[in-house]
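Chain identifiers are assigned alphabetically (A, B, ...) following the order of the sequence lines, protein sequences preceding nucleic acid strands; residue numbering begins at 1 within each chain. Computed over heavy atoms, backbone and side chain alike; hydrogens, waters and symmetry mates excluded.
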2 protein chains.
Amino acid sequence: MSNIHIKRHLPPLAALPAFEAAARHQSFSRAAEELHLTHGAISRAVAQIEDRLGVELFVRRNRRVWLTAAGERLLKATSAALNGLDGAVEDIHRHDGASPILTVSCEPSLAMRWLMPRLGGFREANPDLNIDLRLAGGPVDLLADGCDVAIRRADYGISEQYITTRLWAEHAGPVCDPDCWETILAGNLSNARWLHARTRPDAWDVWKRASGSEATAASEQYFDHFFFALQAAVNRLGTAIGPLPLVHDDLKAGRLIAPLGMAPTGYDYVLITLDPPVRDPRISLFFEWLMAEAGDMDGGALPGNDMMGPGKKI
Amino acid sequence: MSNIHIKRHLPPLAALPAFEAAARHQSFSRAAEELHLTHGAISRAVAQIEDRLGVELFVRRNRRVWLTAAGERLLKATSAALNGLDGAVEDIHRHDGASPILTVSCEPSLAMRWLMPRLGGFREANPDLNIDLRLAGGPVDLLADGCDVAIRRADYGISEQYITTRLWAEHAGPVCDPDCWETILAGNLSNARWLHARTRPDAWDVWKRASGSEATAASEQYFDHFFFALQAAVNRLGTAIGPLPLVHDDLKAGRLIAPLGMAPTGYDYVLITLDPPVRDPRISLFFEWLMAEAGDMDGGALPGNDMMGPGKKI
DNA sequence: ATTTATTGTGAGTAATATTCACATAAAACG
DNA sequence: CGTTTTATGTGAATATTACTCACAATAAAT
């Protein structure tokens with residue numbers, strides 16, 4: 001448990017400011033001036049990093065130097081590292097450590113179709129707390145990515161080092177444009193053109209299992225992204241499996257209907273944090289807001305609820 | 001020009017691995033084991049950072065330690081910094097510095113409505129080059145954010161330290177759902193309900209100036225995001241000013257029409273890089289692809305083009 | 001050819017990082 | 001309740017390293 005050795009290959013950290021300044025100025029002498037050192041110190045610092053990495057960072061041509069490809073790569077990471085640390089120190093001096101920025105990692109489709117349209121409301125309610133939204137899917141490394149919280153669909157094992165707080169259980173069901181539901185109800189779902197997404201190829205199977213349906217598709221079409229399949233459904237191209245959060249606003253606005261209702265897929269959406277949300281007031285604020293916004297997300301849109309459009313009973 | 005002193009407040013960098021390990025283990029002794037040092041070395045490293053910052057990083061209670069708020073903030077930056085550097089070193093060792101990841105910073109609305117739907121195509125065409133997309137608006141600091149390129153609407157002064165490459169000139173015009181254009185043409189634009197976005201409050205004025213229109217709104221409505229106003233237009237709530245990239249796909253799919261055509265707004269969309277795109281093969285690849293995808297973006301959708309729906313002549 | 005601007009380097013020195021040994025403190029244990 | 005165990009803090013000695021200085025080397029600028 002305690003011998004989680006993180007084996008890193010780090011350059012000599014103390015030499016990084018010298019390297020960064022030298023790269024910025026493309027000159028060891030200017031870097032020396034900036035840092036109030038001698039050019040020899042810069043030269044040795046750079047040489048030290050090069051020795052450690054076994055790669056040349058600069059191309060030296062008599063009166064000027066410039067970065068090699070390796071140097072460019074290291075500069076990118078170095079600048080990010082130094083600026084990030086500088087920002088942290090400033091935050092600490094100004095706000096005693098409580099950063100007024102909450103960095104949220106969210107899956108792209110959920111962010112686009114659910115979170116972003118609502119973030120304006122959060123900003124209005126909490127003008128002091130800025131949300132920095134990053135789109136990313138799959139396993140998350142909060143520390144490495146510098147994120148405070150992540151929102152994920154818990155369809156994979158989430159590292160035990162994190163605290164996961166359940167947000168809502170995912171419900172999903174076939175969605176199509178309002179004009180097509182009669183067609184579907186007249187016969188059955190097998191009349192429909194099924195829209196698939198390669199990012200979640202089992203969506204239809206999961207739904208069939210959850211709802212006990214035995215339907216097969218009349219025709220099928222594949223898209224690269226879930227987002228795209230849903231857009232196609234809005235655009236009357238067929239019927240897609242819509243997870244509730246991603247189609248919530250479309251259902252509410254009448255752009256889509258879910259004539260067969262929604263069934264739980266067995267997956268939860270969770271909030272991933274390093275510590276329990278209550279420990280960080282920013283996170284607890286965000287969490288409370290999320291839960292309030294998601295009030296009608298968790299079973300509230302099952303058959304019997306009027307959000308679904310007219311054909312909610314199968 | 002050369003005396004751009006970047007005044008940073010950095011913690012003692014060499015002490016950071018000790019701090020990070022101590023924070024991770026919540027124990028100085030475990031950290032010492034991991035780093036093959038004595039607990040005294042860890043204690044002094046942490047104390048050194050605390051002295052420099054003038055803040056306590058750990059709460060010491062006899063047999064355990066945990067982070068203060070300031071410590072948590074510094075840990076976030078430190079982890080990100082060390083992991084970022086580690087990644088750079090690994091890239092350098094594996095690929096001699098050429099990272100197989102291209103980090104792209106893009107404005108959220110453009111990313112959502114134009115870039116993301118196309119990225120799948122890029123990934124298929126270039127499976128070796130992964131795109132890491134970050135949503136951010138306004139001024140960009142490529143180095144600080146660790147981004148290779150940024151895509152921006154050049155509506156503000158862009159720092160001279162960057163190379164800006166023009167992508168296309170923005171065209172914009174009123175867009176509404178296909179059923180409403182007859183209403184508009186029957187009278188004029190003043191019959192319409194104008195949809196505004198607080199993120200670009202001058203959009204209608206800019207268009208009126210560009211097109212010479214003197215119209216005024218029959219009624220108006222405000223939204224928090226451009227994205228939202230456009231969604232409202234799709235949803236038949238009124239007429240919004242649609243910049244071509246953001247409504248391109250909606251026009252093409254017939255969800256929206258632009259009965260009065262598009263006029264240049266005077267703003268360019270640009271690619272922002274540290275060096276000319278040709279110098280980095282990843283960037284030049286991405287740039288070429290962008291230009292190919294944007295083939296019909298630059299004036300190609302002006303009145304007279306059939307992309308606009310039936311009412312393209314005013 | 002001389003000057004100028006730049007980086008590399010050996011040797012000495014200044015600074016600092018690390019250890020060792022001991023001090024301290026409170027929980028755990030019998 | 002005393003003893004042991006597990007932690008961290010710290011003074012002094014020591015090992016390491018970072019930095020400077022002075023000089024070397026190089027090639028462009030004059």
Side-chain angles (χ1 to χ4, degrees), chain A residues 1-4 8 10-68 70-71 74-75 78 82, chain B residues 1-4 8 10-68 70-71 74-75 78 82:
Chain A
M1 187 67 151
S2 72
N3 47 355
I4 322 165
R8 289 209 189 87
L10 292 176
L13 300 179
L16 290 180
F19 163 71
E20 192 259 7
R24 211 156 11 85
H25 291 134
Q26 303 216 321
S27 158
F28 290 16
S29 304
R30 307 279 152 68
E33 284 171 33
E34 177 181 320
L35 301 176
H36 306 295
L37 295 171
T38 59
H39 72 265
I42 308 295
S43 171
R44 293 197 134 96
V46 171
Q48 189 192 9
I49 305 176
E50 291 178 320
D51 282 358
R52 183 80 66 87
L53 301 189
V55 190
E56 301 250 294
L57 297 173
F58 287 94
V59 179
R60 280 100 161 157
R61 289 290 175 272
N62 57 343
R63 273 176 89 156
R64 74 183 50 167
V65 294
W66 62 87
L67 289 169
T68 61
L74 186 64
L75 174 63
T78 301
L82 298 185
Chain B
M1 187 68 153
S2 71
N3 47 356
I4 324 166
R8 289 208 189 88
L10 292 176
L13 300 179
L16 290 180
F19 162 71
E20 192 260 6
R24 212 157 10 86
H25 293 267
Q26 302 216 320
S27 157
F28 290 14
S29 304
R30 306 280 154 68
E33 284 171 33
E34 177 181 319
L35 300 177
H36 307 293
L37 295 170
T38 59
H39 74 266
I42 308 294
S43 171
R44 292 197 137 94
V46 171
Q48 189 192 9
I49 306 176
E50 291 178 319
D51 282 359
R52 183 81 65 87
L53 301 189
V55 191
E56 302 251 291
L57 297 173
F58 286 95
V59 178
R60 280 100 162 157
R61 288 290 175 274
N62 58 344
R63 274 177 87 160
R64 76 183 50 165
V65 294
W66 61 89
L67 289 169
T68 61
L74 186 64
L75 174 63
T78 301
L82 297 184

inquiry  = Which residues pass the salt bridge (Lys or Arg N to Asp or Glu O under 4.0 Å) test with B:R60, not counting sequence neighbours?
reply    = B:E50
Figure out the [atom1]/[atom2] separation between [X] and [N], and round it to whole Å.
X	N	atom1	atom2	answer
A:L13	D:dA18	CG	P	11 Å
B:L37	C:dT16	CG	P	19 Å
A:L16	D:dA18	CG	C1'	15 Å
B:F58	D:dG9	CZ	C1'	15 Å
B:D51	D:dT10	CG	C1'	13 Å
B:R52	C:dA17	CZ	C1'	14 Å

Test applied, side-chain hydrogen bond (donor to acceptor under 3.5 Å, both in side chains); reference residue, B:H25; option that passes from B:E33, B:E34, B:R30, B:E20 = B:E34
message = Is the shortest side-chain heavy-atom distance between A:P11 and A:R52 below 4.5 Å?
response = no
key: pair B:L67-B:F19: side-chain heavy atoms closer than 4.5 Å   = yes
Which protein N or O atoms sit under 3.5 Å from an N or O of nucleotides 6-10 of chain C?
residue : atom : partner : partner atom : Å
C:dT6   : OP1  : A:R30   : NH2          : 2.6
C:dT7   : OP1  : A:F28   : N            : 2.6
C:dT7   : OP2  : A:S29   : N            : 2.8
C:dT7   : OP2  : A:S29   : OG           : 2.3
C:dG8   : OP1  : A:R60   : NE           : 2.5
C:dG8   : OP1  : A:R60   : NH2          : 3.3
C:dG8   : OP2  : A:S43   : OG           : 2.8
C:dG8   : O6   : A:H39   : NE2          : 2.9
C:dG10  : N7   : A:R44   : NH2          : 3.0
C:dG10  : O6   : A:R44   : NH1          : 2.8

ask   = Which part of the nucleic acid, if any, lies within reach of B:I42 when heavy atoms closer than 4.0 Å are counted: base, sugar-phosphate only, or nothing?
value = nothing
ask   = Counting only N and O atoms by type, is there a donor-acceptor contact under 3.5 Å from the side chain of A:T78 to the main-chain atoms of A:L16?
value = no
query = Between A:A21 and A:L35, which heavy-atom pair has the shortest distance, and what is it?
reply = CB-CD1, 4.1 Å
